[in-house]
Amino acid sequence: MFSVTRFVAVGDSITVGNSPAFSDGFTGTLSWVTYARSRKLLFAGGWAAGGATTLRMAQSIRPVKADVLVILAGTNDLAQGLPFSETAADLNRIVAGIGAPRVVVSAIPPRDSAPTATAAFNVTLHAFVLSRGWDWIDAPSSLRAGAVYAPGMSIDGVHPTEAGAEALGKAFQAALIR
């Protein structure tokens, strides 16, 4: 017999991908959640939408009964030039709003048009996550070639291909089954 971990995911277009009904558990081939699921990992729901900032996420989420909250967020905050203090406050609201006992936060994937800013954002995000006692993962590490997407891993320099979504999902899976 094995134990099952229920996880909830909160994010933007990189999380929702081409999912027909993400919050209801119907995920698509461009959502990393599809590839994170396993016999030991049950997707319990969550919230994700294209173009979402962390503020929109914090305003939209609802409590979900889960063991772990997984957050992949900040790409749109960075693209809109929002101060990290706002992102940090929103992440705190997301964590409090979901109420899962364990929190896993990931680095954001590359933005080929702004590799230096993305790398700097991830450094700041990493320090913030550790200061909160949450778990940090650089899930998109296998998607990168230097500071940009590796060939075949992105549709447009922002969003992962199916292979990229699968790599993200497998990285999350490994982090969640520990």
Side-chain angles (χ1 to χ4, degrees), residues 1-19 22-23 25-48 52 54 57 61 64-75 78 87 91 94-95 98-112 115 118-119 121-155 158-178:
M1 194 74 186
F2 60 88
S3 65
V4 174
T5 299
R6 293 173 50 89
F7 75 97
V8 58
V10 175
D12 54 26
S13 58
I14 295 164
T15 295
V16 75
N18 59 345
S19 301
F22 183 84
S23 294
F26 299 103
T27 58
T29 57
L30 295 176
S31 172
W32 62 261
V33 173
T34 300
Y35 308 101
R37 291 175 157 154
S38 73
R39 291 183 19 211
K40 294 183 178 184
L41 287 175
L42 175 69
F43 177 51
W47 189 91
T54 54
M57 293 172 203
I61 54 104
V64 176
K65 183 177 171 19
D67 303 301
V68 183
L69 164 60
V70 180
I71 302 172
L72 177 54
T75 296
L78 178 61
T87 301
L91 291 172
I94 292 166
V95 170
I98 294 292
R102 181 176 171 213
V103 177
V104 175
V105 179
S106 177
I108 62 171
R111 282 181 53 231
D112 288 358
T118 302
F121 180 90
N122 280 331
V123 168
T124 304
L125 179 62
H126 184 198
F128 172 73
V129 167
L130 295 181
S131 77
R132 303 296 298 156
W134 303 332
D135 293 343
W136 170 259
I137 179 175
D138 185 2
S141 63
S142 66
L143 278 61
R144 290 190 205 100
V148 298
Y149 272 101
M153 289 293 164
S154 178
I155 297 166
V158 176
H159 302 93
T161 59
E162 191 172 314
E166 183 174 6
L168 278 172
K170 294 303 178 190
F172 279 117
Q173 186 182 80
L176 296 176
I177 300 176
R178 61 169 173 100

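Counting begins at 1 with the first residue of the sequence.
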What heavy-atom pair brings Ser142 and Ala167 nearest, and what distance separates the two atoms? OG-CB, 3.5 Å

Test Val70 against every option in Leu176, Ile98, Val103, Val8 by the side-chain contact (heavy atoms from CB on, under 4.5 Å) rule and name the one that passes. Leu176

According to the salt bridge (Lys or Arg N to Asp or Glu O under 4.0 Å) rule, which pairs have a member within residues 25-42, sequence neighbours left out? none

Identify the heavy atoms of Thr27 and Thr34 that sit nearest to each other, and give their distance. OG1-OG1, 2.7 Å

Report yes if the side chains of Pro140 and Tyr149 come closer than 4.5 Å at any heavy-atom pair, otherwise no. no

How far does CD of Gln173 sit from OG1 of Thr5, to the nearest 0.5 angstrom? 11.0 Å

State, yes or no, whether a side-chain contact exists between Ser154 and Val148 at a heavy-atom distance under 4.5 Å. no

For Ala9 and Thr15, the nearest pair of non-hydrogen atoms, with its separation, is CB-CG2, 4.3 Å

Check: Ile155 main-chain N/O paired with Thr161 side-chain donor or acceptor under 3.5 Å: no

Rounded to the nearest 0.5 Å, the OG atom of Ser38 sits from the NZ atom of Lys170 at a distance of 7.5 Å

State the CG-CG distance between Leu143 and Leu168, to the nearest 0.5 angstrom. 5.0 Å

Would you name the heavy atoms of Leu41 and Ala36 that are closest together and state the gap between them? CD1-O, 3.2 Å

Across all chains, not counting sequence neighbours, the side-chain contact (heavy atoms from CB on, under 4.5 Å) partners of Glu162 are Thr29, Leu30, Tyr35

Output every pair passing salt bridge (Lys or Arg N to Asp or Glu O under 4.0 Å) with a member in residues 138-155, not counting sequence neighbours, ordered by first then second residue. Asp138-Arg144

Looking at every heavy atom in both Pro110 and Ala147, which two are closest together, and how far apart are they? CB-O, 3.8 Å

Can you name the residues that form a side-chain contact (heavy atoms from CB on, under 4.5 Å) with Ser23, not counting sequence neighbours? Trp47

Under the salt bridge (Lys or Arg N to Asp or Glu O under 4.0 Å) test, which residues partner Arg102, sequence neighbours left out? Asp135

Between Ser31 and Ser19 the two heavy atoms that sit nearest each other are CB-OG, 3.5 Å

Please verify the inter-ring angle class for Phe7 with Phe43; under 30° counts as parallel, over 60° as perpendicular, anything in between as tilted. tilted

Would you say the side chain of Val95 lies within less than 4.5 Å of the side chain of Ile71, judging by non-hydrogen atoms? yes

Counting distance only, does the side-chain N/O of Asp67 pair as donor-acceptor with the main-chain N or O of Arg6 below 3.5 Å? yes

Distance in Å, Phe172 CZ paired with Ile137 CD1, rounded so as to fall on 0.5 Å steps: 5.5 Å

Mind checking side-chain contact (heavy atoms from CB on, under 4.5 Å) for Thr87 and listing every partner two or more places apart, or none if nothing turns up? Thr54, Asp77, Phe84, Leu91, Phe121

What's the verdict on side-chain contact (heavy atoms from CB on, under 4.5 Å) for Val33 and Phe22, showing C-alpha distance, side-chain angles and the deciding distance? CA-CA 9 Å; Val33 173; Phe22 183 84; 3.8 Å; yes

Tell me, do Thr75 and Leu78 make a side-chain contact under 4.5 Å, heavy atoms counted? no

Rounding to 0.5 Å, atoms CE (Met153) and CG (Asp112) come to a distance of 13.0 Å

